[in-house]
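For reference, the structure is listed below as structure tokens.
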Amino acid sequence: MALSALLAWACVASPPGGAAPKSWEPLVRAHGVRDERVIRAMEKVRRADFLPESMRPYEREDRPLPIGYDQTTSQPTLIAIMVDALQLKPGCNVLEVGTGSGYQTALLGELCAHVSSIEIIAPLAERAAARLKELGYKNIDVKAGDGYLGWQKHAPFDAIVVSAAAPKVPAPLVAQLKAGGRMIVPVEERGHEVLLIVVKQRDGGYLSEKSLPVAFVPLTGDEAERDRRK
């Protein structure tokens, strides 16, 4: 499926009134996900492991769920679509901006040799890091901080996934991508947000492809706010 068509599925709701799926595979395939490794990871990682106790009964519902601190974890099909679009290969080194619950972080941990994840809300970062450690992930580093700036110590990255809406493509993140590396980032555009796939070029620039509008919480931090004021 073409990238633009694939990402368009992010805006398509699951059929209403149906029972929560026992397996994510049929649903994510119906939403255009083709990478078998992504599908296997979706089947292996339990969303409930990363949800507050009160939300665990709803783990199989394909919708955002609250995780505290006025934040939500995205619907699983959207997470699968975004991860699939990164075209991750075994042995990859990936950066996640917006750890949130740690669910997507764990999926990335199943797919890559190393995951660096940054969360600006310190209690969420601490909770996710503890949970990931409890579950035995040894290839994931989590820290509290401003994800707009990336994580230079662990760069360059094969891929970057941003789970909050930026005012524009963050230049520090582009700089930390390898040539040929891919970043998926929601970007604010005239009152709404669109998903962009950014592909780093050998000259340090990038090409981007736009998809249909989506809705994400805003990327926060001093650098993001400075960009919004420009």
### Query
Any side-chain heavy atom of Arg47 sitting closer than 4.5 Å to one from Pro76?
yes
### Task
State whether Glu36 and Arg40 are salt-bridged, where the test is any N-O pair (Lys NZ or Arg NE/NH1/NH2 against Asp/Glu carboxylate O) under 4.0 Å.
no
### Task
Find the distance between CD (Glu96) and CD1 (Ile160) and round it off to the nearest 0.5 Å.
11.5 Å
### Task
Output, in order, the C-alpha distance, side-chain angles, deciding distance and verdict of side-chain contact (heavy atoms from CB on, under 4.5 Å) for Ile197 and Met183.
CA-CA 6 Å; Ile197 282 286; Met183 171 167 58; over 6 Å; no
### Task
Check for a donor-acceptor pair, side chain of Gln176 on one end and backbone N or O of Trp151 on the other, with a separation under 3.5 Å.
yes
### Sidechain-backbone polar pair: Lys200 side chain, Gly205 backbone, donor-acceptor under 3.5 Å
no
### Query
Taking all atoms of both residues into account, what is the closest heavy-atom pair of Gly100 and Ala128, and its distance?
O-CB, 3.8 Å
#### Entry: From CA spacing to verdict: salt bridge (Lys or Arg N to Asp or Glu O under 4.0 Å), Glu189, Lys210
CA-CA 11 Å; Glu189 184 177 274; Lys210 186 185 299 185; 3.0 Å; yes
### Query
Tell me the side-chain hydrogen bond (donor to acceptor under 3.5 Å, both in side chains) pairs involving residues 126-135, sequence neighbours left out?
Arg131-Glu134
### Summary
Looking only at heavy atoms, the pair that brings Val162 and Pro186 closest together is O-CD, 3.1 Å
#### Entry: salt bridge (charged side-chain N to carboxylate O under 4.0 Å, His left out) involving Lys138 - partner list, sequence neighbours excluded
none
### Query
Do Val194 and Val217 sit in the same hydrophobic cluster, where Ile, Leu, Val, Met, Phe, Trp and Tyr count as joined when their side-chain heavy atoms come under 4.5 Å apart?
no
### Task
Verify side-chain contact (heavy atoms from CB on, under 4.5 Å) between Val199 and Tyr206, making sure each step is shown before the conclusion.
CA-CA 5 Å; Val199 181; Tyr206 66 86; over 6 Å; no
### Query
Quick one: do Val115 and Ile120 end up in the same hydrophobic cluster if we chain Ile, Leu, Val, Met, Phe, Trp and Tyr together by side-chain heavy atoms under 4.5 Å apart?
no
#### Entry: N/O donor-acceptor pair under 3.5 Å between Glu59 side chain and Leu51 backbone
no
### Verdict with reasoning, Asp62 to Thr77, per side-chain hydrogen bond (donor to acceptor under 3.5 Å, both in side chains)
CA-CA 7 Å; Asp62 189 33; Thr77 50; 2.7 Å; yes
### Query
Do Glu43 and Ser23 meet the criterion of a side-chain donor-acceptor pair at a distance under 3.5 Å?
yes
### Query
Between the side chains of Gln104 and Ser74, does any donor sit under 3.5 Å from an acceptor?
no
### Task
Tell me whether Leu124 is reachable from Leu135 by hopping between hydrophobic residues (I, L, V, M, F, W, Y) whose side-chain heavy atoms are closer than 4.5 Å.
no
### Task
Start with the C-alpha distance between Leu196 and Val169, add both sets of side-chain angles, then the distance that settles side-chain contact (heavy atoms from CB on, under 4.5 Å), and finish with yes or no.
CA-CA 9 Å; Leu196 292 184; Val169 176; 3.8 Å; yes
### Query
Without hydrogens or angle criteria, can the side chains of Glu119 and Thr99 be said to hold a donor-acceptor pair below 3.5 Å?
no
### Query
Would you call Arg226-Glu223 a salt bridge at under 4.0 Å N-O?
yes
### Message
Show the nearest heavy-atom pair for residues Glu110 and Ala41, with the distance to one decimal.
### Response
CB-CB, 4.0 Å
### Message
So which atom in Ala166 and which in Val185 form the shortest heavy-atom distance, rounded to 0.1 Å?
### Response
CB-CG2, 4.3 Å
### Query
Rounded to the nearest 0.5 Å, what separation is found between the CD1 atom of Ile118 and the CG atom of Leu149?
8.0 Å
### Nearest non-hydrogen partners of Ser101 and Phe50, listed with the distance
CB-O, 3.2 Å
### Message
Using the side chain to side chain contact (heavy atoms under 4.5 Å, CB included) criterion, which residues pair with Ala224? Sequence neighbours excluded.
### Response
Tyr148, Pro167, Leu219, Arg228
### Task
Could you tell me whether the side chain of Asn93 and the main chain of Pro156 form a donor-acceptor pair under 3.5 Å?
yes
#### Entry: Heavy-atom pair of closest approach, residues Ala165 and Phe216
N-CB, 3.9 Å
### Message
Please determine whether residues Leu65 and Val45 belong to a single hydrophobic cluster, defined as Ile, Leu, Val, Met, Phe, Trp and Tyr linked transitively by side-chain heavy-atom distances below 4.5 Å.
### Response
no
### Query
About how many Å separate CE of Met55 and CD1 of Ile67, when rounded to the nearest 0.5 Å?
11.5 Å
### Query
When you measure from the side chain of Asp84 to the backbone N and O of Asp35, does any donor-acceptor pair fall under 3.5 Å?
yes
### Task
Give a yes or no on whether Val142 and Leu111 share a hydrophobic cluster (residues Ile, Leu, Val, Met, Phe, Trp, Tyr; joining criterion: side-chain heavy atoms under 4.5 Å apart).
yes
### Task
Evaluate the criterion side-chain contact (heavy atoms from CB on, under 4.5 Å) for residue pair Phe157 and Lys178; output intermediate values, then yes/no.
CA-CA 6 Å; Phe157 299 102; Lys178 293 180 182 178; 6.0 Å; no
#### Entry: Separation between CG of Leu27 and CZ of Arg60, rounded to the nearest 0.5 Å
10.5 Å
### Query
Under the 3.5 angstrom rule, does the side chain of Lys89 hit a backbone N or O of Gln87 as a donor-acceptor pair?
yes
### Message
So, taking the atom named CG in Leu95 and the one named NE2 in His154, what distance separates them when rounded to the nearest 0.5 Å?
### Response
10.0 Å
### Message
Quick check against the 3.5 Å criterion: does Arg29 have a side-chain atom that pairs as donor or acceptor with the backbone of Ile39?
### Response
no
### Query
Is the number of heavy atoms from other residues, nucleotides or ligands within 6.0 Å of CG (Asp222) greater than 12?
no
### Task
Evaluate the side-chain proximity of Cys112 to Asn139: yes if any heavy-atom separation is below 4.5 Å, no if none is.
no
### Summary
When rounded to the nearest 0.5 Å, the distance separating CD of Glu209 from CZ of Arg182 is 8.5 Å
